[in-house]
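Take a look at the structure set out below.
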Amino acid sequence: MALPSILVLISGNGSNLQALIDNCNSGKIPGKIIHVISSSSKAYGLERASQAGIPTTTHELKTYYRGIPKEKQIERNEARANFNKDLVNIIIGRIKPDVIVCAGWMLILSSDFLKPLHQAKIPIINLHPALPGQFEGTNAIERSWKAGQDGLIDKGGCMIHYVIEEVDKGTPLVVKEIDFKKESLEKWEARIHALEHEAIVEGTIEVLKQLNAK
Ligand SMILES: Nc1nc2c(c(=O)[nH]1)N[C@@H](CN(C=O)c1ccc(C(=O)N[C@@H](CCC(=O)O)C(=O)O)cc1)CN2
Ligand SMILES: NCC(=O)N[C@@H]1O[C@H](COP(=O)([O-])[O-])[C@@H](O)[C@H]1O
């Protein structure tokens, strides 16, 4: 029987993508990465995918914004809606994955994207480098480090959660905690990234398990 198919969305380095590639190849993740889509043509993760023989697509928002000045907000919003609609049509129409994993995908996904996926019963999960209810959005690692330095938190970590319209508020699948300690941002970041590489593998295994349970 064919392994469930995984689409991975990235925007950058792809170290979490690499963890997925390595653990699919070892069989720890009972799935096959069939495609990688990047929101940036400069993402090193594209190189990682190519090295692993995984087809890639680049889908850049700036291409949709081209020629629309920043002050033309209505036109830019329309362009962004088209970005989301085209992306979901590529996924549902061409790639047809069983599950989608956001592994450092740095764009908010709109209802134009999420609703068709829900109708197609394709679950989508995301890696967020903070605990549930903490530091939603971008730069979460630095924000959590500063909060720790200020004595506002004594724990940090990362989570894998289902993606819903409300950013980083979806039901968690995996939560990994670490104690805060006075250390450099670089050391904190390294500890979080190490945790991420475990969490993204466990979260992908879990979403595949839940898929099979349906
Ligand atoms: N609808 C959802 N979309 C996304 C989710 C989600 O839970 N719901 N998770 C994110 C991943 N993410 C944090 O884990 C995240 C990434 C990016 C942003 C954001 O504000 N992006 C800006 C652009 C920022 C930039 O270019 O530096 C934007 O999209 O305008 C917030 C959260 C993936 N998407
Ligand atoms: N809000 C989303 C977010 O901040 N995601 C973060 O992007 C990085 C991707 O690293 P990678 O490209 O090396 O996998 C990871 O640190 C991940 O937590």
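Counting convention: from 1, in listed order, for ligands and their atoms alike. This chain uses plain numbering: 1 for the first residue, then up along the sequence. Values below: every heavy atom of this structure, side chains too, minus hydrogens, waters and symmetry copies.
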Quiz item: Counting both backbone and side chain atoms, is some N or O of S110 under 3.5 Å from an N or O of ligand 1?
Solution: no
Quiz item: Which ligand 2 atoms, with their elements, are less than 4.0 angstrom from a heavy-atom of N13?
Solution: 12 (O), 13 (O)
Quiz item: Can you tell me if E189 has a non-hydrogen atom under 4.0 Å from ligand 2?
Solution: no
Quiz item: Strictly by modelled atom types, are S144 and Q134 linked by a side-chain donor-acceptor pair under 3.5 Å?
Solution: no
Practice problem: Could you check if a side-chain atom of Q210 sits within less than 4.5 angstrom of a side-chain atom of L173, using non-hydrogen atoms only? | Solution: yes
Quiz item: Considering only heavy atoms from C-beta outward, does the side chain of P123 approach that of L211 to under 4.5 Å?
Solution: yes
Exercise. Look at ligand 2 and say whether G45 reaches it with a heavy atom at a distance under 4.0 Å.
Key: no
Quiz prompt | Heavy-atom nearest option to atom 33 (C) of ligand 1, drawn from L61, L107, L9 | solution = L107
Self-check item: G137, any N or O under 3.5 Å of ligand 1 N or O
Solution: no
Self-check item: Proximal atoms of ligand 1 relative to E165 (non-hydrogen, under 4.0 Å)
Solution: 1 (N), 2 (C), 8 (N)
Exercise. Return the residue, atom name and 0.1 Å-rounded distance of the protein heavy atom closest to atom 21 (N) of ligand 1.
Key: M106 O, 3.3 Å
Quiz item: Looking at atom 30 (O) of ligand 1, what's its closest protein heavy atom, distance included?
Solution: R80 NH1, 3.0 Å
Quiz item: Which atoms of ligand 1 have any heavy atom of L109 under 4.0 Å away?
Solution: 1 (N), 2 (C), 3 (N), 4 (C), 34 (N)
Quiz item: How many angstroms lie between atom NZ of K85 and atom CG of L87, to the nearest 0.5 angstrom?
Solution: 13.0 Å
Practice problem: Please say which of E196, R191, H197 ends up in a side chain to side chain donor-acceptor pair (under 3.5 Å) with H193. | Solution: E196
Quiz item: Of I6, D98, I54, I95, which meets side-chain contact (heavy atoms from CB on, under 4.5 Å) against I34?
Solution: I95
Exercise. Mark up the atoms of ligand 1 that fall under 4.0 Å of a heavy atom belonging to H161, in ascending order.
Key: 7 (O)
Quiz item: For ligand 1, does L127 get within less than 4.0 Å through its side chain, its backbone, both, or neither, judged by non-hydrogen atoms?
Solution: backbone
Quiz item: H193 heavy atoms, cut-off 4.0 Å: which ligand 2 atoms fall inside?
Solution: 16 (O)
Quiz item: Any N or O of L114 that comes nearer than 3.5 Å to an N or O of ligand 1?
Solution: no
Quiz item: Got a second to check how far T56's OG1 is from H35's NE2, nearest 0.5 Å?
Solution: 6.0 Å
Quiz item: Atoms of ligand 1 less than 4.0 Å from V163 heavy atoms?
Solution: 2 (C), 6 (C), 8 (N)
Quiz item: Does even one non-hydrogen atom of C102 get within less than 4.0 Å of ligand 1?
Solution: no
Self-check item: atom 18 (O) of ligand 2: the protein heavy-atom neighbour that sits closest, reported with distance to 0.1 Å
Solution: E196 OE2, 2.4 Å
Practice problem: Just need the protein heavy atom nearest to atom 20 (O) of ligand 1, so name the residue and atom and give the distance. | Solution: I108 CD1, 3.7 Å
Exercise. Can you sort out which atoms of ligand 2 are near H128, meaning under 4.0 Å from one of its heavy atoms?
Key: 1 (N)
Quiz item: For M159, is the nearest heavy atom under 4.0 Å from an atom of ligand 1?
Solution: no
Quiz item: Should C102 and I124 count as side-chain neighbours, where that means a heavy-atom distance under 4.5 Å?
Solution: yes
Quiz item: Is there a donor-acceptor contact under 3.5 Å from the side chain of K121 to the main chain of H118?
Solution: no
Quiz item: Side chains of N126 and D168: does their closest heavy-atom pair fall under 4.5 Å?
Solution: yes
Practice problem: Classify the ring geometry between Y64 and F83 as parallel (under 30°), tilted (30 to 60°) or perpendicular (over 60°). | Solution: perpendicular
Quiz item: Can you find an N or O of N16 that's nearer than 3.5 Å to an N or O of ligand 2?
Solution: yes
Exercise. Would you mind listing every salt bridge (Lys or Arg N to Asp or Glu O under 4.0 Å) that reaches into residues 16-37, with sequence neighbours excluded?
Key: none
Quiz prompt | Nitrogen or oxygen atoms of G14 and ligand 2 under 3.5 Å apart | solution = yes
Quiz item: Sub-3.5 Å donor-acceptor pair from the side chain of R80 to the main-chain atoms of Y65, do we have one?
Solution: no
Quiz item: Atoms of ligand 2 less than 4.0 Å from P129 heavy atoms?
Solution: 3 (C), 4 (O), 18 (O)
Exercise. Select the closest option to atom 5 (N) of ligand 2 among S38, G104, S15, judged by heavy-atom distance.
Key: G104
Self-check item: Close approach, G137 and ligand 2, non-hydrogen under 4.0 angstrom
Solution: yes
Quiz item: Is the closest heavy atom of E136 to ligand 1 under 4.0 Å?
Solution: no
Quiz prompt | In one Ile/Leu/Val/Met/Phe/Trp/Tyr side-chain cluster, 4.5 Å: V207, V174 | solution = yes
Quiz prompt | Sub-4.5 Å side-chain heavy-atom contact between S11 and L107 | solution = no
Quiz item: Which heavy atom of the protein is the closest neighbour of atom 2 (C) of ligand 2, given with residue, atom name and distance?
Solution: M106 SD, 3.7 Å
Self-check item: Within-4.5 Å side-chain heavy-atom neighbours: E78 and I68
Solution: no
Quiz item: P4 versus V99: any side-chain heavy-atom pair under 4.5 Å?
Solution: no
Quiz item: Of the backbone atoms (N, CA, C, O) and the side-chain heavy atoms from C-beta on, which set of N126 has a member under 4.0 Å from an atom of ligand 1: side chain, backbone, both, or neither?
Solution: side chain
Quiz item: Judging by distance only, is a nitrogen or oxygen of T138 under 3.5 angstrom from one on ligand 1?
Solution: no
Quiz item: Given I164, N84, D168, which has its nearest heavy atom closest to atom 2 (C) of ligand 1?
Solution: I164
Quiz item: Looking at atom 27 (O) of ligand 1, is any protein heavy atom nearer than 4.0 Å to it?
Solution: no
Quiz item: Looking only at heavy atoms, which two atoms of A81 and D112 are closest? And how far apart?
Solution: CB-OD2, 3.6 Å
Exercise. May I ask you to check whether K169 has an N/O atom sitting below 3.5 Å from an N/O atom of ligand 1?
Key: no
